[in-house]
Amino acid sequence: MRIFTSIIIILFLSVQVSCSQTPSGKTGVTSNTDYGKLFIEAINSDSDTRKREIINEIFSPPTLQEKGIEKLLGSVVKLRANFAPLTFHHSEIIEFKKPEGTIYVMHVYAKNPKEVMWKDFQFYLDPNPPHQVLQLAFVAEVAEPMNLPNGSIEQKETLDWLDKYIEKLKSENSLYGSILIAKGNQILFEKNVGYADLAKKTPITNQSLFNIASGGKMFTALAIAQLVEKGKLKYENTITKYLDGFSDKTNADKVTISELLSHTSGLKEYWMGQTDSAVYHATSINDHLKIVYQAGFEFEPGSDYAYCNSNFILLGAIIEKVTGKSYYDYIKENIFTPAGMNVSGYFNHGSTGTSTPFARGKKESDWIEAPHGIKGSSAGGAYSNSTDILKFSQALRNNLIISQESFSNMIAVKNKQFRASEDYGYGFIIQKWAQEITYGHGGTAGGVNFEFRYFPQQDITLIVFSNQNNGAYDDLKKNAIRLISGVR
């Protein structure tokens with residue numbers, strides 16, 4: 001259920017991905033030449049001659065050779081028609097260190113004076129110096145980039161700045177959402193803004209329930225770990241021991257539970273444009289499972305990494321097969337109850353207390369109800385709030401759900417041998433901020449944004465929700481992480 005929202009997809013250069021992927025942030029570096037600034041100059045320029053000069057300077061030789069300068073020029077002309085004029089803010093280069101080398105991603109922030117939101121142009125760069133542009137991946141909508149204070153997240157001055165920053169996002173970008181930062185069991189900061197139900201003017205409070213989308217993958221993975229601890233299955237078991245009905249049985253016979261948990265199974269994403277209606281109307285794991293069976297495979301099992309919801313639908317079906325219970329009952333009894341998550345659950349859309357998901361209307365200031373499914377699944381879609389997710393964080397640390405040994409295995413990186421833009425364990429995304437290894441998971445869908453991240457060295461939990469397709473959420477999440485980690 002982790003689908004890109006508030007993003008304008010640009011057909012600039014081909015990007016090869018099997019299922020949706022989102023990069024995780026790392027410490028940034030700068031380039032000697034500001035390719036981002038030159039890129040914005042090319043978009044704004046009236047001169048094709050100048051555009052060609054910039055293209056020759058900023059794009060890597062392999063890209064120039066493969067695409068040709070005229071095709072690249074045509075793409076820049078299209079970007080000019082869609083976005084110009086643009087005011088450049090700044091660019092930054094983010095590193096993703098992998099065993100086989102470093103991946104470089106450049107973010108370029110710019111804004112059309114007639115629009116409220118800024119654009120974040122995101123590029124893949126050549127891993128070899130001088131790190132010229134390989135391809136433009138996509139363009140995201142964001143609030144204005146900020147200069148952050150240098151103080152610790154535990155200092156009053158930093159928290160006061162964060163409070164004012166959220167008020168700015170609320171007033172200028174109409175942000176709806178909730179954020180909580182805790183040190184151990186002590187809440188350092190909590191704030192709720194906007195509406196859970198705009199039509200009824202119901203404000204968001206600390207009791208409001210938010211859809212957490214793919215954040216629910218953590219619950220599914222933990223349920224599997226429990227069954228492993230009880231000896232009811234093994235990570236190395238092949239999935240056809242439990243499930244039958246695959247259109248490609250040859251590949252299915254090769255897939256292990258471990259590969260499902262780590263997104264290395266090769267399964268193709270089952271939730272595509274043509275299957276939206278069936279997914280939205282699904283109310284059971286079996287409803288989703290039928291579509292996964294027909295989706296097939298993208299690559300040889302175990303040969304690569306690609307984040308894919310199909311993996312966790314199969315895990316939910318395996319949980320039901322092994323336990324004889326519905327996925328929803330098992331999670332309630334074995335994850336929510338021992339963690340003390342008394343208000344969390346897999347509720348039907350529109351149930352009492354749940355927040356309405358919103359997308360932008362025809363005008364940037366208008367908000368309309370976003371398309372949504374009836375009920376979540378083992379790939380995501382549980383409802384929760386900050387209070388319960390904090391309890392979840394505490395339960396993981398206190399071994400109330402699984403043993404410390406099992407959990408340590410879950411948050412060990414399982415895809416390090418592949419050239420992936422994020423480190424993934426079993427149902428947890430692993431990110432390094434400054435020198436600290438953190439764990440958690442996010443989730444996005446139509447009108448849904450969620451992030452849970454735990455910083456073990458500092459014993460700090462970050463929880464952020466938003467019930468909007470609003471780039472201001474991404475800015476709040478990113479800057480809150482930077483405030484906690486010290487990365488500026």
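Residues T102 and P127 come closest through the heavy atom pair O-CB, 3.6 Å. Across every non-hydrogen atom of L169 and A472, the tightest pair is CD1-O, 3.8 Å. Scanning both residues, I153 and T158, for their nearest heavy atoms gives CA-CG2, 4.0 Å. Closest heavy-atom contact between Y424 and L261: CE2-O, 3.4 Å. The minimum heavy-atom distance between A420 and I103, with the atom names listed, is O-CD1, 3.7 Å. Across every non-hydrogen atom of T264 and S262, the tightest pair is OG1-OG, 2.9 Å.
Counting only distance, with no hydrogens or angles, the side chain of D197 and the backbone of T202 share no donor-acceptor pair below 3.5 Å. The backbone N or O of L209 lies less than 3.5 Å from no partner atom in the side chain of T354, so there is not a single donor-acceptor pair. In this structure a side-chain-to-backbone donor-acceptor pair under 3.5 Å is missing from Q122 to A137. Not a single donor-acceptor pair under 3.5 Å links the side chain of N173 to the backbone N or O of N470. Using modelled atom types, one side-chain atom of K414 and one backbone atom of N409 make a donor-acceptor pair closer than 3.5 Å. Looking only at distances, a side-chain donor or acceptor of Q226 sits under 3.5 Å from a matching main-chain atom of N334. For S214 (side chain) and G380 (main-chain N/O), no donor-acceptor pair under 3.5 Å exists by modelled atom type. Side chain of Q458 to main chain of I484: a donor-acceptor pair is present (N/O by atom type, distance under 3.5 Å, no hydrogens or angles). Judged by distance alone, with hydrogens and angles left aside, the side-chain atoms of S265 form no donor-acceptor pair with the main-chain N or O of P301 at under 3.5 Å. With hydrogens and angles disregarded, no donor-acceptor distance shorter than 3.5 Å links the side chain of K217 to the backbone of A221.
A search for salt bridge (charged side-chain N to carboxylate O under 4.0 Å, His left out) contacts involving E167 returns K191, not counting sequence neighbours. Here D160 pairs with K156 under the salt bridge (charged side-chain N to carboxylate O under 4.0 Å, His left out) rule; sequence neighbours left out. Listed by chain and residue number, F210, F450 satisfy the ring pair (Phe, Tyr, Trp, His ring centres under 6.0 Å) test with F465 (two or more places apart in sequence, or in another chain). Every side chain to side chain donor-acceptor pair (under 3.5 Å) that S284 has, sequence neighbours left out, goes to D287. By the side chain to side chain contact (heavy atoms under 4.5 Å, CB included) test, N185 pairs with Q394, R397, sequence neighbours left out. Take S326 and apply the side chain to side chain contact (heavy atoms under 4.5 Å, CB included) test, not counting sequence neighbours, and it matches E320, Y328, D329. Applying the side chain to side chain donor-acceptor pair (under 3.5 Å) rule to N467 yields no partners; only residues at least two apart in sequence or on another chain are considered. Among residues two or more places apart in sequence or in another chain, the ring pair (Phe, Tyr, Trp, His ring centres under 6.0 Å) test is passed with H90 by Y109. In this view, E172 and K168 satisfy the salt bridge (charged side-chain N to carboxylate O under 4.0 Å, His left out) rule, not counting sequence neighbours. The salt bridge (charged side-chain N to carboxylate O under 4.0 Å, His left out) check on E190 picks up nothing, with sequence neighbours excluded. Partners of Q417 by side chain to side chain donor-acceptor pair (under 3.5 Å), not counting sequence neighbours: none found.
Atom NZ of K183 has more than 12 neighbouring heavy atoms from other residues, nucleotides or ligands inside a 6.0 Å radius.
For S355 and Y195, the side-chain atoms include no donor-acceptor pair closer than 3.5 Å. T220 and Y327 are linked by a side-chain donor-acceptor pair at a separation below 3.5 angstrom, with hydrogens and angles left out of the test. When only modelled atom types and interatomic distance are considered, N192 and S178 share a side-chain donor-acceptor pair under 3.5 Å. Side-chain N/O atoms of H263 and E422 include no donor and acceptor closer than 3.5 Å. In the model, S406 has a side-chain atom that pairs as donor or acceptor with a side-chain atom of S403 under 3.5 Å.
Within the model, atoms CG of D474 and CG of N449 stand 6.0 Å from one another, a figure rounded to the nearest 0.5 Å. Considering OG of S421 and CD1 of I94, their distance stands at 12.5 Å, rounded to 0.5 Å. Note that CG of L289 is 6.0 Å distant from CG of L243, once rounded to the nearest 0.5 Å. To the nearest 0.5 Å, atom CD of residue Q468 and atom OG of residue S174 are 7.0 Å apart. In this structure, K391 NZ and N385 CG are separated by 8.5 Å, a value rounded to the nearest 0.5 Å. Once rounded to the nearest 0.5 Å, the distance linking CG of L227 with CD1 of I402 reads 11.5 Å.
For the side-chain hydrogen bond (donor to acceptor under 3.5 Å, both in side chains) with H288, the qualifying choice from Y270, W271, Y293 is Y270, the only one to do so. Tested against W433, the residues Q431, E436, Q435 include a single side-chain hydrogen bond (donor to acceptor under 3.5 Å, both in side chains) partner, Q431.
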Query raised in the report: What do the steps show when you test F312 against L260 for side chain to side chain contact (heavy atoms under 4.5 Å, CB included), and what is the final call?
Result: CA-CA 7 Å; F312 277 71; L260 295 182; over 6 Å; no

Query raised in the report: How far apart are the C-alpha atoms of D459 and Y454, what are their side-chain angles, what is the distance that settles it, and do they pass the side chain to side chain contact (heavy atoms under 4.5 Å, CB included) test?
Result: CA-CA 7 Å; D459 192 18; Y454 180 66; 2.5 Å; yes

Query - Audit row: I481, N479, side chain to side chain contact (heavy atoms under 4.5 Å, CB included) steps and yes/no - result: CA-CA 5 Å; I481 289 174; N479 288 327; over 6 Å; no

**Report entry** Test log, rule side chain to side chain contact (heavy atoms under 4.5 Å, CB included), inputs F392 and L222
**Finding:** CA-CA 11 Å; F392 174 68; L222 287 163; 3.5 Å; yes

Requested in this report: Let me see the working for E92 and R482 under salt bridge (Lys or Arg N to Asp or Glu O under 4.0 Å), right down to the final yes or no.
Outcome: CA-CA 14 Å; E92 60 189 30; R482 288 178 170 177; 2.9 Å; yes

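Ring pair H372/H349 is parallel by interplanar angle, where below 30° counts as parallel and above 60° as perpendicular. Classification of the F336-Y346 ring pair by plane angle, with boundaries at 30° and 60°, yields parallel. Relative orientation of the Y439 and F428 rings is perpendicular, given thresholds of 30° and 60° on the angle between their planes.
Using a 4.5 Å heavy-atom cutoff, the side chains of Y165 and L148 are not in contact. Contact annotation: the side chain of I93 never approaches that of V105 to less than 4.5 Å [non-hydrogen atoms, C-beta and beyond].
Listed by first then second residue, pairs satisfying salt bridge (charged side-chain N to carboxylate O under 4.0 Å, His left out) with a partner in residues 330-340 read K325-E333, not counting sequence neighbours.
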